[in-house]
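For reference, the structure is listed below as structure tokens.
A quick note: this is a predicted structure, and the numbers were derived from the prediction, not measured. Naming convention: chains lettered A, B, ... in sequence-line order (proteins, then strands); numbering from 1 in each chain.
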Number of protein chains: 2
Amino acid sequence: MQITRAGEYAVLGLMSLARHTPGQMSMIEEVSREEKIPKSFLSKIFQNLAKAGLVRSVRGAGGGFVLAKQPDEITVLAIIEAIEGKIAFQRCRQEKAECEHVGGCALCGLFEQAQDGLKDVLVRTTLSDLIRQQDEIKSHGGRQQAVLANH
Amino acid sequence: MQITRAGEYAVLGLMSLARHTPGQMSMIEEVSREEKIPKSFLSKIFQNLAKAGLVRSVRGAGGGFVLAKQPDEITVLAIIEAIEGKIAFQRCRQEKAECEHVGGCALCGLFEQAQDGLKDVLVRTTLSDLIRQQDEIKSHGGRQQAVLANH
DNA sequence: GGTAACAGGATAAAGTTAGTCCGAATTGTC
DNA sequence: GACAATTCGGACTAACTTTATCCTGTTACC
């Protein structure tokens with residue numbers, strides 16, 4: 001029951017892109033150094049983000065990655081699902097509506113609710129929200145609790 | 001990002017116990033057959049539930065397992081955490097308040113929120129809620145959507 | 001003492017995670 | 001056109017987790 005590192009790195013990596021001036025290319029090398037993420041792993045992750053249409057990649061000298069959308073149009077849910085696939089707690093609903101266990105479907109219903117609660121939080125937060133929060137944390141010396149910026 | 005089978009089996013197994021008259025022993029064998037869960041695996045799971053104090057085990061002939069509390073005192077969260085350990089999405093908050101990634105703590109804060117949203121759903125549902133819902137699903141021929149019994 | 005039941009440890013196969021490595025393709029520059 | 005910079009894509013791997021199974025030991029009842 002954890003977010004994978006790949007998902008975490010994806011969000012951090014995109015935050016790094018978002019902090020740059022819009023349209024400016026960033027190289028894997030840079031982002032990797034900035035966020036302390038293994039370079040070759042990050043490169044794999046960005047490949048998938050490109051496939052998902054969240055970043056645009058440009059090869060060759062002077063190439064790199066740019067956000068494909070505005071930071072406030074990219075939700076954390078979209079990023080995580082791009083890397084980890086659709087969030088799906090329960091096994092049953094996916095294909096058939098009934099499961100073989102006696103109490104199965106009551107449980108599946110509950111898991112669906114739980115999953116929705118989770119998604120709800122992740123879909124309400126965008127890259128720009130995260131960056132704003134991060135700035136606040138930094139400017140207050142990190143002494144305070146996490147800020148709940150979205151309402 | 002999934003509930004493990006062990007966690008799922010634990011809930012189903014306890015639902016099975018809860019359907020019996022209070023105080024009546026159930027054997028692994030029975031529950032295993034009823035819920036179609038591998039016997040030896042289920043036995044391991046119940047061992048852990050016993051350690052967590054959710055069931056009482058009695059050895060020897062005529063032994064088995066009984067719920068250690070009333071079904072409405074056992075939340076799904078308690079069951080899942082007994083089997084899978086504390087739900088913890090984020091890595092950072094656990095020990096140190098700061099993480100090394102640049103945008104790290106903003107992200108940790110978000111994950112904490114998401115995790116709370118999830119826990120909230122799981123803690124509001126007890127074994128008896130699940131059983132009630134299951135009865136409703138069955139009595140309506142399973143044609144309807146999952147019932148949201150808790151408010 | 002025999003049988004029924006859980007306890008607990010060892011083991012194992014399969015799947016997932018977290019990377020690494022390398023050659024190929026693409027682009028800009030001289 | 002040669003060369004350097006950079007991503008793309010696939011193969012590979014080591015470690016860990018999940019999902020079990022099996023065997024021996026222990027406890028309780030008769």
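With rounding to the nearest 0.5 Å, the separation of CE in A:Met15 from CD in A:Glu34 is 10.5 Å.
Residue B:Leu107 is grouped with residue A:Ile131 when hydrophobic side chains (ILVMFWY) are merged at heavy-atom distances under 4.5 angstrom, including chains of intermediate members.
Contacts of B:Phe46 with the nucleic acid, taken as non-hydrogen atoms under 4.0 Å apart, are absent. As judged by a 4.0 angstrom heavy-atom cut-off over every strand, B:Ser40 is placed among the base-contacting residues. Looking at heavy-atom distances under 4.0 Å, B:Ala6 makes contact with sugar-phosphate atoms alone, never a base.
Put simply, CZ on B:Arg59 is 18 Å from P on D:dC30, counting in whole angstrom units. Rounded to whole Å, the distance from NZ on A:Lys39 to P on C:dC22 is 13 Å. Whole-Å rounding puts the B:Met25 CE to D:dA28 P distance at 11 Å. When rounded to the nearest whole Å, the span between CE of B:Met27 and P of C:dC6 equals 7 Å. Distance CD1 (A:Ile3) to P (C:dT16): 17 Å, rounded to an integer number of Å. In this structure, CZ of A:Arg5 is placed 19 Å from P of C:dT16, rounded to the nearest angstrom. Separating the CD atom of B:Gln47 from the P atom of C:dG9 is a distance of 8 Å, rounded to the nearest angstrom. Remark: P of D:dC12 and NZ of A:Lys44 are 13 Å apart, rounded to the nearest angstrom.
Phosphate proximity of C:dA7 to B:Ser43: absent, as no side-chain N or O sits under 4.0 Å from OP1 or OP2. Between A:Tyr9 and C:dA18, a side-chain N or O to OP1/OP2 separation shorter than 4.0 Å is absent.
Annotation: side chain of A:Val121 is not in contact with side chain of B:Asp116 (no heavy-atom distance under 4.5 Å).
Using a 4.0 Å cutoff on non-hydrogen atoms, no part of residues 73-85 of chain B comes near DNA chain C.
Put simply, the side chain of B:Ser139 gets close to the backbone of B:Glu136: a donor and an acceptor are under 3.5 Å apart. Checked by atom type and distance alone, the side chain of A:Glu29 never pairs as donor or acceptor with a backbone atom of A:Lys39 at under 3.5 Å.
Using a cut-off of 4.0 Å between Lys/Arg side-chain N and Asp/Glu carboxylate O, A:Asp129 and A:Arg132 are scored as salt-bridged.
For A:Ala61, counting side-chain heavy atoms from C-beta on, the closest listed nucleotide (D:dA5, D:dA20, D:dT7) is D:dA5. When each of C:dC6, D:dT19, D:dT7 is scored by its nearest atom to the side-chain atoms of B:Phe41, the top-ranked nucleotide is D:dT19.
A pairwise comparison of heavy atoms in B:Ala82 and B:Leu49 identifies CB-CD2, 4.2 Å as the closest pair.
A residue-by-residue look at B:Lys51 and A:Gly60 shows that B:Lys51 has its nearest nucleotide of DNA chain C further toward the 5' end.
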